[in-house]
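Protein chains get the first letters and strands the later ones, always in sequence-line order, with residue 1 at the start of each. Source: prediction; values computed, not measured.
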There are 2 protein chains.
Amino acid sequence: MISQAIEDYLKTIYKLQHGGTENERVTTSVIADRMGVAAASATNMIKKLAEMHLLVHTPYQGVGLTGAGRKIALETIRHHRLIELYLAQALGYPWDQIDAEADRLEHAISEEFEDRIDKALGYPTIGAHGEPIPTKQGKIEDLDYPRLSDLETGQPAIIRRVSDRNPEMLRYMDQMGLQLGTRVEVREKAPFSGPLQLKIDADKEEALGLEVAYNIFVDLAP
Amino acid sequence: MISQAIEDYLKTIYKLQHGGTENERVTTSVIADRMGVAAASATNMIKKLAEMHLLVHTPYQGVGLTGAGRKIALETIRHHRLIELYLAQALGYPWDQIDAEADRLEHAISEEFEDRIDKALGYPTIGAHGEPIPTKQGKIEDLDYPRLSDLETGQPAIIRRVSDRNPEMLRYMDQMGLQLGTRVEVREKAPFSGPLQLKIDADKEEALGLEVAYNIFVDLAP
DNA sequence: GATTTAATTTAGCCATGGCTAAAATAATGT
DNA sequence: ACATTATTTTAGCCATGGCTAAATTAAATC
Ligand SMILES: [Mn+2]
Ligand SMILES: [Mn+2]
Ligand SMILES: [Mn+2]
Ligand SMILES: [Mn+2]
């Protein structure tokens, strides 16, 4: 009934509704783009999901998940994030490889499997890239941290979340010593969208491009 | 290219070629039956697999895997058995629940995942139900143990493999204290395909139906 | 050897989830 | 206000992997 494709669409739509800036419409083309399919394919699936009452579609305007749709999205996201954390912690995967593996496994595991890895991990609430893990009941914390690229110079901060979209970028962060919990401070911002001079962990200082800083989210440190 | 359905068919055909008595033909209806699909559906897939040179089909006679087909079958079986063992050993699954979970996961894991659980398990060669685990190169030991139902009375033996086809039967075996490594001896065989009186582990004696005994494979003990 | 039965294949259908090309609609610029 | 552009939808196609019903072929029985 609920196929892998449906789960992936609902997950993507949920993340588009919440991840982005508020009040941005989740349109056919945005969904198609994120899913890596043609716009017509997205239209088809949106129509089908609307018929299943998993979302509401206002033609030419965009979509919004219903309670039922959000439930499935959050369940899929929970699977994804628990699996990612399990791969990292129990099997020693590097953090740039877990997303791709979890994208397939999230559809294949049972509730039993979910419960067992949840227990093995000690009922975690934060995933391997710092995202909140939805509960089994479908609740999710909304942590929204400022981006490192928006941080004021001289303000110490701690890395709390990173985007997992680009594995190469994750590998680069690793190489720079940027992980969850790492203490950072912007020393200087180069003009014309230039790189920022970043103090990392009190011992080194490196230049970091804005695009990378845009994908790192921080907590202001005292 | 190689879909989940193809992997499942090839796996099933491999097991039919080897599991059963030698010289039994692997026919359309046998495949359809094991796969739980209509005979016409099996015909379709067989035709397709023959075009892909994964098997040879003699119309109305049956099929035989090619080298390429056997390779994929063994890779799928390797995934299945490593996953089963991992579920049992690392996540504490009971042995009656691992087959169903592995039947889905076997198609979703990467080579990386395979290698990591292989390592975590200490490069095992025998699966959770006693089956040999094919190597990454596609070699497999052919262990064929006699069935407990064929064992002579008075001959002590050790359980080495069980069929994993029926979860309920596995639960029943567990309840009876019948596991891999358990020492058993047939004391008496009731006539007319009746139950056998079985000594289990030197401390108890129970009546065991022939169907269950048929699904237990043993090694003769000294 | 002819006939009945069983197995297999063919024909034609369906659902899913992709695609491209064309048409319709909304948004934008002059 | 109207023309241009961008987005969205529709129409029609394809591959995959199911299904049932009918036709064909092989096997078994008389
Ligand atoms: Mn992820
Ligand atoms: Mn996915
Ligand atoms: Mn199994
Ligand atoms: Mn399977």
More 5' along DNA chain C: Tyr60(B) or Ser41(A), using each one's nearest nucleotide?
->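 Looking at the nearest nucleotide for each, Tyr60(B) comes out on the 5' side.
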Using the closest heavy atom to pick a nucleotide of DNA chain C for each, name whichever of Pro59(A) or Gly36(A) lands nearer the 5' end.
-> Gly36(A)
Look at Glu51(B) together with Lys47(B) and state whether they make a salt bridge at an N to O cut-off of under 4.0 Å.
-> no
Can you tell me if Asp8(B) and His107(B) form a side-chain donor-acceptor pair at under 3.5 Å?
->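 Per modelled atom types, Asp8(B) and His107(B) side chains form a pair under 3.5 Å.
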Please confirm whether Arg160(B) makes a cation-pi placement over Phe217(B), using NZ or CZ under 6.0 Å from the six-membered ring centre and within 45° of the ring normal.
->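 Ring-cation test returns no.
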Just to be sure I understand the rule, does [X] reach a base, reach only the sugar-phosphate, or reach nothing, if contact means heavy atoms closer than 4.0 Å?
X	result
Ala42(B)	nothing
Ser29(A)	sugar-phosphate
Ala38(B)	base

In whole angstrom, give the distance that lies between atom [atom1] of [X] and atom [atom2] of [N].
X	N	atom1	atom2	value
Ile46(A)	dT7(D)	CD1	P	15 Å
Glu51(B)	dT16(D)	CD	P	10 Å
Met52(B)	dA15(D)	CE	P	14 Å
Ile2(A)	dG17(C)	CD1	P	10 Å
Met45(B)	dT9(C)	CE	P	15 Å
Gln4(A)	dG18(C)	CD	C1'	14 Å
Gln61(A)	dT7(D)	CD	C1'	11 Å
Asp33(B)	dA6(C)	CG	C1'	15 Å

Using the six-membered ring wherever Trp is involved, compare the ring planes of His129(A) and Trp95(A) and label them parallel, tilted or perpendicular (cut-offs 30° and 60°).
->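 Rings of His129(A) and Trp95(A): tilted, 30 to 60°.
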Hey, can you tell me if Phe113(B) and Tyr93(A) have their rings parallel, tilted or perpendicular (30° and 60° cut-offs)?
-> tilted
Taking the side chain of [X] as heavy atoms from C-beta outward, which of [options] is closest to it?
X	options	value
Asn44(A)	dT9(D), dT9(C), dG18(C)	dG18(C)
Thr27(A)	dT8(D), dC19(C), dG17(D)	dT8(D)
Ala40(B)	dA21(D), dG17(D), dG18(C)	dA21(D)

Does Thr43(A) make a side-chain N or O approach to OP1 or OP2 of dT10(D) shorter than 4.0 Å?
-> no
Under-4.0 Å side-chain N/O to phosphate OP1/OP2 contact, His57(A) with dT8(D) = no
